[in-house]
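Presented below is the structure to which this report refers.
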Amino acid sequence: NGQTHKFTLTNLDLSTDGIDTPLSLAMEAIYNNENISVEGEMGSVAALSSDGMFPVKLEISSLGARVQLNGTVKKPRSASGVNIGFDVTGDDMAAIASRGMAMAGVDGSASLPEKSIALKGALRDVDGGFAIDGLGMKIGDSDLAGNISFNLAGIRPSVIADLSSNHFDSVDIQPTPSQGNTTPDTGPDDGRVFPDDPISLDGLNSVDASVKFSGKDVVTNGVTLGNVDADLTLKNGALNVRSFGFDFGGGRIEGDVQLSDAKLAIAADARKIDYGRILKEMTGEEALSGMMDVSITAKRAGNSVRSIM
């Protein structure tokens with residue numbers, strides 16, 4: 001593509017006390033104006049030559065982030081039997097990603113929040129893909145934990161995840177607006193809530209997924225939902241959210257959602273909802289009081305959010 005990349009190896013120290021003792025590594029380099037530091041220990045020359053168990057314990061620093069790796073590779077020559085723990089920390093996720101893009105020669109900046117990030121778990125290979133066990137992630141004040149597996153061998157990639165959170169706020173994963181950024185002109189306001197722009201659901205056919213999520217405290221657009229549970233499946237382009245539920249307004253809302261071929265079906269029940277409490281939480285005003293139960297069953301179809309909703 002005509003780009004020029006510059007790599008400078010400023011220091012490399014690879015040593016061992018013998019063929020059967022661990023390799024010690026210390027490396028300093030500069031790649032496209034970004035410093036890279038790697039240090040730690042790896043398996044012995046004997047283990048590598050015999051394709052035997054190969055331990056890895058490294059610390060990598062670059063882009064304002066630190067990565068610690070600690071584990072083993074059962075067959076190092078084929079990179080199979082991987083079981084390596086990882087611990088990643090950084091003070092500014094947006095800056096790390098933007099610096100990484102610049103280092104790779106990619107123009108622009110990353111649309112990520114300017115939040116600290118901590119990510120840990122254990123990576124292992126499985127038939128057809130890989131898995132992350134004991135995932136622990138923290139972005140800003142939000143946390144996420146669980147297990148995830150990826151299978152890349154089928155007609156389309158598939159993901160299986162079982163996730164939980166004590167506190168998750170959507171503001172922690174929303175891009176931080178750049179200075180001087182203005183809201184784009186979306187044309188005249190016709191007074192309708194949902195846009196009539198065509199949408200494409202082709203992306204639903206790119207992956208299959210089975211995801212279970214439970215969240216003690218989930219905040220979205222300033223609204224707090226408690227004890228959130230959802231069981232999501234995506235198969236052959238059909239999205240099903242079975243048995244979702246969350247506490248809201250002093251009551252609980254439960255239901256199911258199905259989306260396939262631009263057809264949306266919703267069935268939901270809301271019980272003991274205090275609409276006066278909801279109004280107070282959203283506006284600070286105490287203008288109403290009362291309780292309500294609501295049941296909704298709806299089916300819609302169309303090629304835009306407005307027609308579907």
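In this chain, numbering begins with 1 at the start of the sequence shown. All heavy atoms count here, side chains included; hydrogens, waters and symmetry mates do not.
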*Examine distances only and state if a side-chain atom of Asn32 and a backbone atom of Lys6 form a donor-acceptor pair shorter than 3.5 Å.*
yes

_From CD1 (Ile30) to CZ (Phe7), nearest 0.5 Å_ = 9.5 Å

*asked:* What I'd like to find out is whether the side chain of Asp256 reaches to under 4.5 Å of the side chain of Ser243, using heavy atoms alone.
replied: yes

*asked:* Please check this pair: side chain of Arg156 against backbone of Asn205, looking for a donor-acceptor N/O pair closer than 3.5 Å.
replied: yes

*What are the two closest heavy atoms between Glu41 and Pro22, and how far apart are they?*
OE1-CB, 4.1 Å

*Check whether any side-chain heavy atom of Asp13 sits under 4.5 Å from a side-chain heavy atom of Ser24, and report yes or no.*
no

*Any donor and acceptor pair, going by atom type alone, linking the side chain of Thr10 with main-chain N or O of Glu28 inside 3.5 Å?*
yes

*Closest non-hydrogen atom pair between Ser49 and Ala46, with its separation*: OG-O, 3.0 Å

*Compare every heavy atom of Arg271 with every heavy atom of Ser295, then report the nearest pair and how far apart it is.*
OG-NH2, 3.5 Å

*asked:* Pair Ile253, Val294 - check side-chain contact (heavy atoms from CB on, under 4.5 Å), show working.
replied: CA-CA 9 Å; Ile253 299 175; Val294 178; over 6 Å; no

_Do Val219 and Ile173 sit in one hydrophobic cluster, given that two such residues count as connected whenever their side-chain heavy atoms are within less than 4.5 Å of each other, even indirectly?_
no

*Would you indicate whether the side-chain heavy atoms of Asn70 and Asp87 approach each other to under 4.5 Å?*
no

*Compare every heavy atom of Lys272 with every heavy atom of Met291, then report the nearest pair and how far apart it is.*
CE-O, 3.4 Å

*Ignoring hydrogens and geometry, is there a side-chain-to-backbone donor-acceptor pair from Ser62 to Asn35 under 3.5 Å?*
yes

*With a 4.5 Å heavy-atom cut-off, do Val159 and Val207 have their side chains touching?*
yes

*Pick one: which of Asp172, Asn166, Asp169 meets side-chain hydrogen bond (donor to acceptor under 3.5 Å, both in side chains) with Ser142?*
Asp172

*asked:* If hydrophobic clusters are built from ILVMFWY residues whose side chains come within less than 4.5 Å, do Ile296 and Leu264 share one?
replied: yes

*Can you check whether Asn236's main-chain N or O pairs, donor with acceptor, with Asp208's side chain at less than 3.5 Å?*
yes

*In terms of hydrophobic clustering (I, L, V, M, F, W, Y; side-chain heavy atoms under 4.5 Å; direct or indirect links), are Leu48 and Met53 co-clustered?*
no

*Is the number of heavy atoms from other residues, nucleotides or ligands under 6.0 Å of Ile155 CD1 greater than 12?*
no

*Name the one of Asp247, Asp293, Asp269, Asp274 that satisfies salt bridge (Lys or Arg N to Asp or Glu O under 4.0 Å) with Arg252?*
Asp247

*Taking all heavy atoms of Met103 and all of His5, pick out the closest pair and write down the distance.*
O-ND1, 4.1 Å

*Measure the shortest side-chain to side-chain distance between Asn221 and Gln174 over non-hydrogen atoms and say whether it is less than 4.5 angstrom.*
yes

*Is Lys212 salt-bridged to Asp162, cutoff N-O under 4.0 Å?*
no

_I'd like to check Leu123 versus Phe86 (side-chain heavy atoms, cut-off strictly below 4.5 Å). Are they in contact?_
yes

*Hey, is the main chain of Ser158 close enough, under 3.5 Å, to the side chain of Asn151 for a donor-acceptor pair?*
no

*How far does CD1 of Ile36 sit from CE of Met27, to the nearest 0.5 angstrom?*
6.0 Å

*asked:* Using a strict threshold of under 4.0 Å (side-chain N to carboxylate O), is an ion pair present between Asp143 and Lys138?
replied: no

*Could you pull out the closest heavy-atom pair between Val241 and Ala230, with the gap in Å?*
CG1-CB, 4.4 Å

*Less than 4.5 Å apart, any side-chain heavy atom of Leu232 and any of Leu239?*
yes

*Check the pair Ile117, Val88 against side-chain contact (heavy atoms from CB on, under 4.5 Å), reporting the backbone distance first and the verdict last.*
CA-CA 8 Å; Ile117 181 171; Val88 182; 5.7 Å; no

*asked:* Quick check: do Lys263 and Lys299 have side-chain heavy atoms less than 4.5 Å from each other?
replied: no

*Measure the spacing between NE2 of His167 and CG of Asp217 and express it to the nearest 0.5 Å.*
5.5 Å

*In one Ile/Leu/Val/Met/Phe/Trp/Tyr side-chain cluster, 4.5 Å: Val106, Leu112*: no

_Using modelled atom types and a 3.5 Å cut-off, is there a donor and acceptor pairing between side-chain atoms of Asp51 and backbone atoms of Arg77?_
yes

*asked:* Side chains of Thr21 and Thr16 only: does a donor on one sit below 3.5 Å from an acceptor on the other?
replied: yes

*Check each of Leu58, Ile60, Thr89 against Val67 using the side-chain contact (heavy atoms from CB on, under 4.5 Å) test, and report the only one that passes.*
Ile60

_Hydrophobic cluster identity match, Val223 and Val171, side-chain contacts under 4.5 Å_ = no

*Check: Asn240 side chain, Gln258 main-chain N or O, donor-acceptor pair, under 3.5 Å*: no

*asked:* Keeping Asp91 on the side-chain end and Ser116 on the backbone end, is there a donor-acceptor pair under 3.5 Å?
replied: no

*Step by step, would you call Val218 with Phe246 a side-chain contact (heavy atoms from CB on, under 4.5 Å)?*
CA-CA 9 Å; Val218 177; Phe246 53 86; over 6 Å; no

